[in-house]
Amino acid sequence: MTTDPVGRFLTALSPEQREALSAQPRQELERLAAAWERELEADDELDTLDELSPPAAEAEAARRVLDREAGQ
């Protein structure tokens, strides 16, 4: 498993989301990955989900970050 935040973030995405973001500059991916990590750290509901399924918690946090970005 990669320790690179961008790599972990991309792994948490669906294949379609990963493909859509593949053209983004590295700086933008780093910004999204940082937001994703903050989401994972800040949300207590994700802590519970993380205990049951870490990949599901990471995917949910990634979905939330991308939803927020789409709403801006």
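Positions are given from 1 along the sequence.
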Might you work through the salt bridge (charged side-chain N to carboxylate O under 4.0 Å, His left out) test for Arg38 and Glu41, ending with a clear yes or no? CA-CA 5 Å; Arg38 286 190 303 273; Glu41 291 172 3; over 6 Å; no
Glu58 and salt bridge (Lys or Arg N to Asp or Glu O under 4.0 Å): which partner among Arg8, Arg64, Arg63? Arg8
Check [X] against [Y] and note the closest heavy-atom contact, atom names and distance.
X     : Y     : result
Trp36 : Pro5  : CZ3-O, 4.1 Å
Leu40 : Ala57 : CD2-O, 3.7 Å
Leu10 : Arg18 : O-NH1, 2.8 Å
Gly7  : Thr11 : O-OG1, 2.8 Å

With side chain to side chain contact (heavy atoms under 4.5 Å, CB included) as the test, would you mind laying out the steps for Glu69 and Arg31 before giving the verdict? CA-CA 11 Å; Glu69 290 297 313; Arg31 187 184 69 75; 2.7 Å; yes
Can you find a heavy atom in the side chain of Arg68 that is under 4.5 Å from one in the side chain of Glu39? yes
Could you verify whether a donor N or O on one side chain and an acceptor N or O on the other, from Ser14 and Gln17, lie under 3.5 Å apart? yes
Could you state the interatomic distance from CZ (Phe9) to CG (Leu29), rounded to the nearest 0.5 Å? 7.5 Å
Worked check of side chain to side chain contact (heavy atoms under 4.5 Å, CB included) between Leu21 and Leu66: CA-CA 10 Å; Leu21 289 177; Leu66 292 180; 4.0 Å; yes
